[in-house]
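Notes for the one structure printed next.
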Amino acid sequence: MHIGNFKETYDADEAVFRTPTVRWWMGALFVALAIFPFAADDYLLYMANLTGIAIVGALGLNILTGFAGQISLGHAAFVGVGAYTSAILTTRLGMPFLLCLPLSGLMAAALGVIVGAPSMRMKGLYLCIATLAAQMIFMFVFIHWESLTGGIRGINVPPPTIFGLKADTEFKYYFVTLPVVILAVAATRNIFRTRVGRAFIAIRDRDISAELMGINLFRYKLYAFAISSFMAGVAGCLWVNFIKIVTPEHFPLHESIRYLAMIIVGGLGSVLGTIFGAIFMTLVPEILKNILSIFQAMNPTAMSYLFPLQSVVFGAMIVGFLVLEPHGLAEIWRRMKDFFRLWPFEY
Amino acid sequence: MGILEVDTLSLSFGGLQVLSDVSLDVSEGRIFAIIGPNGAGKTSILNCIGGFYRPDAGRIAFDGRDLSRVSTDRRAALGLARTFQNIALFHGMTVLDNIKLGAHAHLKTGLLASVLYWGAAHHEEMQLRREVEEEIIDFLEIEDIRNLPVRALPYGLQKRVELGRALAMRPRVLLMDEPVAGMNAEETEDMARFILDIKEERDVTIILIEHDMNVIMDISDHVAVINFGRKIAEGTPEAVADHPEVIRAYLGEKKG
Ligand SMILES: Nc1ncnc2c1ncn2[C@@H]1O[C@H](COP(=O)(O)OP(=O)(O)OP(=O)(O)O)[C@@H](O)[C@H]1O
Ligand SMILES: [Mg+2]
C-alpha cells in the first residue's frame, strides 16, 4: 500500500470500479444496456423505461431513508411535484425538456426542504406522520388547485423534443431515461465518497455522536431531504414526459409505500440494492400478471379470484424475501458473489 | 491560564444534583485525569464540556473563549474531540470511513461538489485519505482492518478505531472516557502508549477519565478526584493517591 506514488495508490483504492474484472463486467453491462433497445419489443421497452424512472425515484428515497435514516411516507408526492412542474412549464411556457428536467428537481427539492424542516425536532414515527401529512397536502393541492393542475382531469403533455429529435416512442425514450439513470446512480455513488455522504450515515447510525463529531444535524438532514426530493422531482419529470399525462391519482399514498418497499426489498443504504428493488417492484407484478393471464386463457371464469391472487402472491413474495434476508436483495447478491468468487461486482 | 477552564460547574437532572461547583483548570500539553467512584459525575463533566449537557450554572472556557454560546457541532470544529465510555462508532461504516468522518468539520466539500466529486472535492478526499493513512492508521497499527465494518471488530480494536476518529478531528483537547475499560493487559498497555505518544508528538492536551489506577499513576500529570458531584482532591498522581479523603472515598472502596 505504501510503495510507489501515494496519490495514485489511494486514487486507485478509492475508485468506484477497483479491479480489472469489475471494470470488465461494468463494460459488459453498458454494452448490454446499449444493445437492449434494438433487441427488445415495445412492451419490454415500456417496462424498461418505467423501471429506469423507478430507479431514479427510489435512489432519492434511499438517500433519505436508507442512508440518512429519515423515514418518509411522502416520496410519491415529490415525484408528483416534479411531474406537475414539468407539465406546467411545458404546456404554459413551452419550456424545453432539458430545462424542465432540472427545474422539476429544483422545485421538488425546495418543497422537500420545507417538509424536511420539522425533522430537526422529530424522529421515527413522528417524522413518518409529518411526511404523511405532506403527502396528503400535496395530493389536496394537485386535486384542488384546478387553475394550475387541471384538477382530477390533469394535464396532457406533448412528447418531449431533445436536440430537435422527438422522443415519442418507447424506443426513443429509452435513450432519454438511461442517461438520467446513469447520472443519478453516479451522483449517489459520489455523494457517499465524500464527507456529505459520511455525515448522512453518521446521522442515521448515531445522531448524538454525529453532532459531537462536528456535523450540523439540521443542515445535513435538510441536505438529505433536498437531494431526495430533487431526484423524486427528476423522476416525476421523466415520468410525465413518458406517460404524457399527469393526474392526481398517479401519486397516492400507496405509491409512496411502493417506493419504500423498493428500497426495503432492495436493501436500505445500498445503491445496488435500490436498483434491484426498483426492478423487482416494477417487473414482478407484471410477470405475475402475465402468468395469471395464461391461466385465465385456460379458464376464463377464474379471473374473479385470480386477479386478487396476484396482489397476494406479490405481497407474500415481499414478506418472504424480508424474512429470508432482512437486508434485502443487495445482501443476497453479496452472498452470491462470495459464493461465486469469480463474479466480483464491487459494491 | 489553562487551555480548558471549568469554573464552578453545576448540573442537575430533576431533583438529582449531579455536579456541584466543580472547577478544573487544565494546562496545555498535559494529561489531566479525572477519577472517582461509579456515578460520581465524571462523564457528566465531559458531556458539559462537549456541549451535550447544558450546565445549570458555571462557565467553561476553551482557550480563553466562553463555550456557553457555542453549539455542539461548532465545539468540535474548534478542536474538542471525544471518545466515549460506551463506544459510539458508526456501525454502518468501515473503519476507514469512521475515521474519515472525524475530519468532517475540517473539510469543505459542499452538497453540489459532493454530487459531482470533481476537482476540489476529489482532491480533498485524496488528501484526507493520505492524512488518515499516514498519521492515524499507521500510528494506531490498524492497517489490516481499515476496510472492515466496525461492527465486526472486537471491543479493544473498536476502542482504538474510536481514538483514530477522535484524532482525525485534529483535536487540541482530547476528552477520553475510560479508554482502557474492559481491555486486557496487553491492550491496556498499547492504549496507554498511544495516549502518551499523542500528548508528546501531537501537542494534544488530554482529559482522561479512568478507573485503572495503574494507568492513572503511569501517564497522568495531574489528577482531580470527583465524588458525589464534587471535587474532593486534586494534585499530582502521587499526592492524590496519598490524600486521606481519596483513600476513603475511592481507593478504600476498591480495596475494602
Ligand atoms: N441524562 C441523565 N439523566 C439523568 N441522570 C443522569 C443523566 N446523566 C447522568 N445522570 C446521573 O448522574 C450521575 C453521574 O453520572 P455519570 O455518568 O456522570 O457518572 P460517572 O462518574 O461517569 O460514572 P461511571 O464511572 O459509572 O461512568 C449518575 O447518578 C447518573 O445516574
Ligand atoms: Mg462515566
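Side-chain atoms are counted along with the backbone in the values below, which use heavy atoms only and exclude waters and symmetry mates.
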Per-residue tally against chain A (heavy atom, under 4.5 Å) across B:Ser114, B:Ala76, B:Ser71, B:Gly102 peaks at B:Ser114
Checked A:Ala202, A:Ala199, A:Gly269 vs chain B; the most non-hydrogen pairs under 4.5 Å come from A:Ala202
Notebook entry, point to check: Do the non-hydrogen side-chain atoms of B:Val115 and A:Val196 ever get within less than 4.5 Å of each other?
Noted result: no
Correct closest heavy-atom pair for B:Leu128 and A:Arg198 would be CD2-NH2, 3.4 Å
Of the listed B:Ala103, B:Ala105, B:Gly110, B:Gly92, the one with the largest count of heavy-atom pairs under 4.5 Å with chain A is B:Gly92
Is it the case that the side chain of B:Asp73 and the backbone of A:Glu211 share a donor-acceptor pair, with hydrogens and angles ignored and the cut-off at 3.5 Å? no
Nearest heavy-atom contact between B:Leu89 and A:Arg206 is O-NE, 2.7 Å
Does any non-hydrogen side-chain atom of A:Ile215 lie less than 4.5 Å from one of B:Leu101? yes
Nearest heavy-atom approach of B:Met93 to A:Ile201 is CG-CG2, 3.7 Å
Okay, A:Ile208 and chain B: the region with an atom under 4.5 Å from a heavy atom over there is side chain
Smallest heavy-atom separation, B:Tyr117 atom then A:Thr194 atom, equals CD1-CG2, 3.5 Å
Looking only at heavy atoms, the pair that brings B:Gly50 and A:Leu212 closest together is O-CD2, 3.6 Å
Item to check | Side chains of A:Ile227 and B:Leu111 in contact at under 4.5 Å (non-hydrogen atoms) | outcome: yes
Scanning both residues in full, the closest heavy-atom pair of B:Leu116 with A:Asn190 reads O-ND2, 3.4 Å
Whatever's closer than 4.5 Å to a heavy atom in chain B on A:Tyr220 counts as side chain
Would one find more than 12 heavy atoms of other residues, nucleotides or ligands at under 6.0 Å from atom CE of A:Met107? no
Honestly, the part of B:Met169 sitting under 4.5 Å from a heavy atom of chain A is side chain
Separation between OG (A:Ser209) and CZ (B:Arg165), nearest 0.5 Å, reads 5.5 Å
| said: Other residues, nucleotides and ligands only: do more than 12 of their heavy atoms fall within 6.0 Å of CG on A:Leu125? | reply: no
Comparing B:Arg75, B:Glu124, B:Arg82, B:Lys100 against chain A, the one with the most heavy-atom pairs below 4.5 Å turns out to be B:Lys100
Report yes if some heavy atom in the side chain of A:Met213 is under 4.5 Å from a heavy atom in the side chain of B:Phe90; otherwise report no. yes
So, the part of B:Arg74 with a heavy atom under 4.5 Å from chain A: the answer is neither
Could you check whether atom CZ of A:Arg219 has more than 12 heavy atoms from other residues, nucleotides or ligands sitting under 6.0 Å from it? no
